[in-house]
Visitor: 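The structure follows.
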Amino acid sequence: MFDDKQIFAAPLAGVTDRPFRRIVREFAPNAPIVTEMISCHSLVGGHKNCLRNFDRYDDEGAVGAQIFGADVALMADAARILQDAGAKWIDINMGCPVPKVATRAGAGAFLMRDHRLAGKIMDAVVRAVQIPVSVKTRLGWDDSHKDWRDLIGIAADCGVRFAALHGRTRAQLYLGPADWPDVHGCPIPVIANGDVKCVADLSRANDLGYCGVMVGRAMLGRPWVIGQLASGMDAPRDVGAVVRRHLEYSLEYYGERTAIPMFRKHAAWYSSGMPNSAEFRIRVNGISDADELRHAIDEFWGCDFAA
């Protein structure tokens with residue numbers, strides 16, 4: 001069984017921001033957590049409209065900062081900035097399948113098609129920082145190009161410390177079941193990613209030679225799932241209180257105008273499968289006031305935070 005330092009929270013765009021990481025950390029104090037992917041261009045340019053460019057990680061425990069891009073020098077500069085901001089390691093995104101990253105920007109999963117550029121980026125980032133560097137990638141571009149083992153070999157030669165492997169190709173996006181290959185014999189530790197949901201998945205990953213697992217979409221509406229996998233803890237009895245804390249963290253971080261529309265998806269995920277959840281989601285989607293959203297959450301989960 002993997003311990004809590006081997007069960008990672010995956011980087012999820014639009015999800016694993018600082019407020020969400022705070023909630024995950026409440027249930028998994030020692031788990032390694034990866035940030036949302038951060039554009040090297042945006043970070044190095046100091047774009048003020050992206051708050052994550054200015055995050056500090058000193059007080060967040062084991063947090064790795066994930067960067068993406070295709071410019072070798074900017075990726076190295078971004079890694080240095082994040083190291084100075086307190087990240088415990090740097091993760092290079094080599095698996096994002098969305099077109100604006102993987103095709104138009106020539107980054108993310110596109111680096112699986114250009115191993116020469118991928119090697120240059122990995123080498124530059126490793127040389128730029130004194131903290132560990134990891135990569136997150138996929139099986140390959142499509143079923144005809146499943147060359148993940150070659151890319152992990154290049155990563156090892158560049159000094160990358162470990163890799164997370166998502167068990168789908170870029171062509172699959174997030175469709176179909178994840179297919180984890182056997183990774184025995186890989187030159188660096190490999191973390192299994194894709195459809196990690198239960199304790200049985202941990203055992204299967206271990207049997208296939210993985211050194212840990214990375215939980216992604218199973219965290220949506222269940223930020224306590226890593227704690228459950230690591231220690232067998234129960235889900236919180238008062239989910240409404242968790243939702244309210246998450247909301248307050250979001251309001252504190254983003255401000256009301258930005259936080260409310262961003263939080264609607266979280267409210268939907270938290271309520272999924274509960275009685276009257278559809279009506280709740282419709283109601284929340286029409287709310288733009290923080291007090292009104294607090295009241296809707298309290299009413300749905302039967303909470304009373306008035307005192």
Side-chain angles (χ1 to χ4, degrees), residues 7-29 31-69 78-79 81-93 95-96 98 100-101 108 134 136 164 174 193 214-227 242-272 284 287-288 290 293-294 297:
I7 304 176
F8 291 64
L12 297 173
V15 177
T16 49
D17 55 9
R18 184 174 175 88
F20 186 82
R21 296 195 301 270
R22 287 182 69 179
I23 289 293
V24 171
R25 185 62 75 211
E26 292 180 6
F27 301 99
I33 302 175
V34 189
T35 68
E36 297 178 274
M37 62 181 183
I38 301 167
S39 163
C40 67
H41 293 271
S42 178
L43 179 65
V44 175
H47 294 184
K48 295 181 179 180
N49 62 342
C50 186
L51 283 178
R52 74 177 72 96
N53 288 341
F54 307 97
D55 281 350
R56 290 207 59 86
Y57 308 100
D58 312 79
D59 62 346
E60 287 202 58
V63 169
Q66 187 186 79
I67 52 176
F68 77 94
I81 291 170
L82 292 166
Q83 174 181 255
D84 293 344
K88 303 305 184 291
W89 82 94
I90 302 297
D91 185 68
I92 302 172
N93 184 311
C96 180
V98 300
K100 69 178 180 181
V101 174
S134 64
K136 188 172 187 296
Y174 298 97
N193 175 232
M214 184 172 279
V215 183
R217 288 177 293 172
M219 294 189 296
L220 302 181
R222 296 173 60 213
W224 48 83
V225 68
I226 291 179
V242 177
V243 181
R244 276 293 303 267
R245 287 200 302 278
H246 190 173
L247 172 61
E248 298 306 324
Y249 295 158
S250 296
L251 290 167
E252 175 187 336
Y253 184 76
Y254 291 108
E256 183 172 347
R257 182 176 180 179
T258 300
I260 298 303
M262 289 187 67
F263 196 78
R264 291 169 184 156
K265 60 180 180 288
H266 289 290
W269 289 326
Y270 279 118
S271 65
S272 179
V284 165
I287 291 175
S288 57
L293 182 54
R294 290 184 182 105
I297 291 169

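Predicted, not measured: the structure shown is a model, and the values here were computed from it.
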Visitor: What distance do Ile90 atom CD1 and Ser134 atom OG have between them, rounded to the nearest 0.5 Å?
Guide: 8.5 Å
Visitor: With a 4.5 Å cut-off on side-chain heavy atoms, are Tyr253 and Asp55 touching?
Guide: yes
Visitor: From the options Ile23, Val24, Val242, select the one residue that forms a side-chain contact (heavy atoms from CB on, under 4.5 Å) with Trp224.
Guide: Val242
Visitor: Given Arg18, which of Glu252, Glu60, Glu36 fulfils the salt bridge (Lys or Arg N to Asp or Glu O under 4.0 Å) condition?
Guide: Glu60
Visitor: Quick one: sort the His266 and Phe20 rings into parallel, tilted or perpendicular, breaks at 30° and 60°.
Guide: parallel
Visitor: Over all heavy atoms of both residues, which pair between Ala9 and Met219 is shortest? Give the atoms and the distance, please.
Guide: CB-SD, 3.7 Å
Visitor: Determine yes or no for a side-chain-to-main-chain donor-acceptor pair under 3.5 angstrom, with Asn193 supplying the side chain and Gly216 the backbone.
Guide: no
Visitor: Indicate yes or no: at least one non-hydrogen side-chain atom of Pro19 is less than 4.5 angstrom from one of Arg22.
Guide: no
Visitor: Could you check Arg25 against Asp59 for salt bridge (Lys or Arg N to Asp or Glu O under 4.0 Å), going step by step and ending with a plain yes or no?
Guide: CA-CA 11 Å; Arg25 185 62 75 211; Asp59 62 346; over 6 Å; no
Visitor: If every non-hydrogen atom of Ala28 is compared with every non-hydrogen atom of Gly227, which pair is closest and at what distance?
Guide: CB-N, 4.2 Å
Visitor: Any side-chain heavy-atom pair from Pro11 and Met214 closer than 4.5 angstrom?
Guide: yes
Visitor: Rounded to the nearest 0.5 Å, what's the gap from OG on Ser39 to CG on Asn93? Could you check?
Guide: 11.0 Å
Visitor: Shortest non-hydrogen contact from Ser250 to Ala259?
Guide: O-CB, 3.5 Å
Visitor: Main chain of Gly95, side chain of Lys136: is a donor-acceptor contact present, judged purely on distance under 3.5 Å?
Guide: no
Visitor: So, does Arg222 use its side chain to make a donor-acceptor pair with the main chain of Trp269 at under 3.5 Å?
Guide: no
Visitor: Is any side-chain heavy atom of Thr35 less than 4.5 Å from a side-chain heavy atom of Thr16?
Guide: no
Visitor: With the threshold set at 4.0 Å, does a side-chain nitrogen-carboxylate oxygen contact exist between Arg294 and Glu248?
Guide: yes
Visitor: Is Asp91 close to Phe8 at the side-chain level, that is, under 4.5 Å between some pair of heavy atoms?
Guide: no
Visitor: So which atom in Val34 and which in Gln66 form the shortest heavy-atom distance, rounded to 0.1 Å?
Guide: CG1-CB, 3.8 Å
Visitor: Side chain to side chain contact (heavy atoms under 4.5 Å, CB included) between Leu251 and Phe263: does it pass, once the steps are laid out?
Guide: CA-CA 9 Å; Leu251 290 167; Phe263 196 78; over 6 Å; no
Visitor: Any side-chain heavy atom of Met37 sitting closer than 4.5 Å to one from Val101?
Guide: yes
Visitor: Would you please say whether a donor-acceptor pair under 3.5 Å links the side chains of Asp17 and Tyr249?
Guide: no
Visitor: Could you check if a side-chain atom of Ile33 sits within less than 4.5 angstrom of a side-chain atom of Ile226, using non-hydrogen atoms only?
Guide: no
Visitor: Sequence neighbours left out, what passes side-chain contact (heavy atoms from CB on, under 4.5 Å) with Ala78? Give chain and number order.
Guide: Cys40, Leu43, Val44, Ile67
Visitor: Within the distance-only criterion (no hydrogens, no angle test), does the side chain of Arg217 pair as donor or acceptor with the backbone N or O of Leu12 below 3.5 angstrom?
Guide: no
Visitor: Determine the minimum heavy-atom distance between Arg257 and Pro261, stating which atoms define it.
Guide: O-CD, 3.3 Å
Visitor: Is the side chain of Asp58 donor-acceptor paired with the backbone N or O of Gly86 at a distance under 3.5 Å, no angle test?
Guide: no
Visitor: NE2 of His41 to CG of Asn53: how many Å apart, nearest 0.5 Å?
Guide: 12.5 Å
Visitor: Using every non-hydrogen atom in the two residues, find where Lys265 and Met262 come nearest and quote the distance to one decimal.
Guide: NZ-O, 3.0 Å
